[in-house]
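Atoms within a ligand are numbered from 1 in the order they appear, just like the ligands themselves. Heavy atoms only: backbone and side chains are in, while hydrogens, waters and symmetry mates are out.
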Amino acid sequence: MIRAAITAVAGNLPENVLTNTDLAKFVDTSDEWITSRTGIKERRIENDLSRATSDVAVPAVLELCRKRGISPEEIDLLICGTVTPDMMFPSTSNLICAKIGAKNAWGFDLAAACSGFIFGLSTGSQFIETGKYKKVVVVGIDLMSRILDFTDRTTCVIFGDGGGAVLLEPTEEEEGIMDFILHADGNGATNLNLRGGGSRFPSNHDTVDKKMHFVYQEGQAVFKHAIYAMADVSAEIMKKNNLKAEDINWLVPHQANKRIVDGTSNKMGIGSEKVMMNIERYGNTTAGTIPLLLWDYEKQLKKGDNLIISAFGGGFTWGSVYVKWAYDGSKFGK
Ligand SMILES: CC(C)(COP(=O)(O)OP(=O)(O)OC[C@H]1O[C@@H](n2cnc3c(N)ncnc32)[C@H](O)[C@@H]1OP(=O)(O)O)[C@@H](O)C(=O)NCCC(=O)NCCS
């Protein structure tokens, strides 16, 4: 059986750091509130408005190619999980491919918010498993600062900009993407959305005046769904694959709120030393958090490690992917 193995990982973050203390200078909040409620201390913001999501993605995809020693022309398919595309169309995937010279690739954007990367990873793995493709790039990236209302303290403090990418290649070994369980429930649209600019609310003065081009989130409602959904689906994929807590080397959880991550790891019986975390430095980068975690922790990853990657986000969308790591990260990690 052919499986899809992750053979390289890379990330990219804007240089500009916005700390909680910086935020408290222009919105009614405090470092104490943000840290205790979310675990976030600072986030990155792409404040160069000439740079869009594809520009931030390009260095990550080029780093992937460099690490694996391949040319962008070898990429067959590039899937980009994002809810902050450069524009409505063409897709950010197409723009990234054009910028890096991936002229033999096709691709598309995948709008599953914080689950965008795991939905893309699962989708991309199918093109490898069928034998159709040899090199699939999955990007997860968002410039959330471009869709935040920086006068709304309930949303602007939790998000940040950045993301990363992985390369999927075929393997005949017992490793790679072993299983996934994915879910979606469009009824969650009432609790978490960005309504303006689509066919339901085309952009006009009214949509701008009503701030419909910004993220709208009912934090508590989303929190309740997220904490149950992420914990349940993570436990479900472990059970389905006969994995006990001691078999898991790493939980790779979407970074929306440290309290949601703690709830998930507790339910799985996994100690904090096995939980990848970077929310304190980057906030919630939506589709970007999981590839950024893999990039940050790559050095510690060993061939054969069992990873449970779990996410929850707008849609609602949620799921878990079981990955058996396919290479020794100590040679490649930063
Ligand atoms: C957004 C979130 C951090 C808010 O935390 P919370 O504990 O639920 O906070 P609440 O919304 O209940 O607000 C509690 C109080 O803090 C206040 N508050 C909200 N944001 C604040 C801020 N940035 N600074 C200070 N006070 C704030 C509220 O006004 C409220 O005050 P009140 O009690 O006087 O009315 C949390 O709900 C959350 O993480 N939600 C899920 C996010 C998520 O998973 N999203 C999915 C992926 S995008």
Could you tell me if the side chain of [Y] sits less than 4.5 Å from the side chain of [X], heavy atoms only?
X: Tyr282; Y: Arg43; value: no
X: Thr29; Y: Asn20; value: no
X: Phe117; Y: Val138; value: yes

Checklist line | The one among Ala256, Ala229, Gly219, Ala221 that brings a heavy atom closest to atom 40 (N) of ligand 1 | finding: Gly219

Verify the contact flag for [atom], where contact means a protein heavy atom under 4.0 Å away.
atom: atom 46 (C) of ligand 1; value: yes
atom: atom 2 (C) of ligand 1; value: no
atom: atom 35 (O) of ligand 1; value: no
atom: atom 6 (P) of ligand 1; value: yes
atom: atom 32 (P) of ligand 1; value: no

Note to self: Are Phe108 and Trp106, when compared by the centres of their aromatic rings, separated by less than 6.0 Å?
What the structure shows: yes

Hey, which atoms in ligand 1 end up nearer than 4.0 Å to a heavy atom of [X]?
X: Asn284; value: 47 (C), 48 (S)
X: Phe312; value: 47 (C)
X: Arg37; value: 6 (P), 7 (O), 9 (O), 14 (C)
X: Ile260; value: 44 (O)
X: Thr38; value: 3 (C)

Margin query: Tell me whether Ser30 has any N or O atom under 3.5 angstrom from an N or O of ligand 1.
Written below: no

Margin query: Is it the case that ligand 1 has an N or O less than 3.5 angstrom from some N or O of Asn257?
Written below: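 Asn257 vs ligand 1: N/O contact under 3.5 Å present.
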
Checklist line | Contact check, Ile34 vs ligand 1, heavy-atom distance below 4.0 Å | finding: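 Judged by the 4.0 Å heavy-atom criterion, Ile34 does not count as contacting ligand 1.
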
Check: Heavy-atom contact under 4.0 Å between Gly314 and ligand 1?
Finding: no

How far is [atom] from its nearest protein heavy atom, and which residue and atom name does that atom have?
atom: atom 16 (O) of ligand 1; result: Trp33 NE1, 3.3 Å
atom: atom 12 (O) of ligand 1; result: Gln220 NE2, 2.4 Å
atom: atom 48 (S) of ligand 1; result: Cys114 SG, 3.2 Å
atom: atom 43 (C) of ligand 1; result: Val222 CG1, 3.6 Å
atom: atom 24 (N) of ligand 1; result: Thr29 OG1, 2.7 Å
atom: atom 30 (C) of ligand 1; result: Arg153 NH2, 4.8 Å

Check: Where does Val157 meet ligand 1, judged by heavy-atom distances below 4.0 Å: at the side chain, the backbone, both, or neither?
Finding: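 Side chain only; the backbone of Val157 stays clear of ligand 1.
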
Next item on the list: Report the part of Thr155 in contact with ligand 1, treating N, CA, C, O as backbone and CB onward as side chain, heavy atoms under 4.0 Å; options are side chain, backbone, both, neither.
Entry: neither

Next item on the list: Run through Ile177, Val137, Thr7 and flag the one making a side chain to side chain contact (heavy atoms under 4.5 Å, CB included) with Leu168.
Entry: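 Checked Ile177, Val137, Thr7 against Leu168; only one passes side chain to side chain contact (heavy atoms under 4.5 Å, CB included): Ile177.
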
Item checked: Partner of Thr35 by side chain to side chain contact (heavy atoms under 4.5 Å, CB included), out of Glu280, Lys258, Lys41 ->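 That would be Lys41; it is the only one of Glu280, Lys258, Lys41 passing the side chain to side chain contact (heavy atoms under 4.5 Å, CB included) with Thr35.
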
Would you find a donor on one side and an acceptor on the other, under 3.5 Å apart, between the side chain of [X] and the backbone of [Y]?
X: Asn278; Y: Arg281; answer: no
X: Asp55; Y: Ala52; answer: yes
X: Asn266; Y: Asp262; answer: yes

Margin query: If you compare all heavy atoms of Trp325 against all heavy atoms of Ile6, which two are closest, and at what distance to 0.1 Å?
Written below: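 Between these two residues, the closest heavy atoms are CH2-CG2, 3.8 Å.
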
Next item on the list: Could you please spell out the steps behind the side-chain hydrogen bond (donor to acceptor under 3.5 Å, both in side chains) verdict for Thr317 and His183?
Entry: CA-CA 6 Å; Thr317 55; His183 297 284; over 6 Å; no

Note to self: Students often mix this up, so state it plainly: with edges at 30° and 60°, are the rings of Phe127 and Tyr133 parallel, tilted or perpendicular?
What the structure shows: parallel

Note to self: Among Lys239, Lys324, Arg3, Lys240, exactly one meets salt bridge (Lys or Arg N to Asp or Glu O under 4.0 Å) together with Asp179. Which residue is that?
What the structure shows: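 The residue from Lys239, Lys324, Arg3, Lys240 that satisfies salt bridge (Lys or Arg N to Asp or Glu O under 4.0 Å) with Asp179 turns out to be Lys240.
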
Note to self: For Lys303, I'd like to know if atom NZ has over 12 heavy atoms of other residues, nucleotides or ligands within 6.0 Å.
What the structure shows: yes

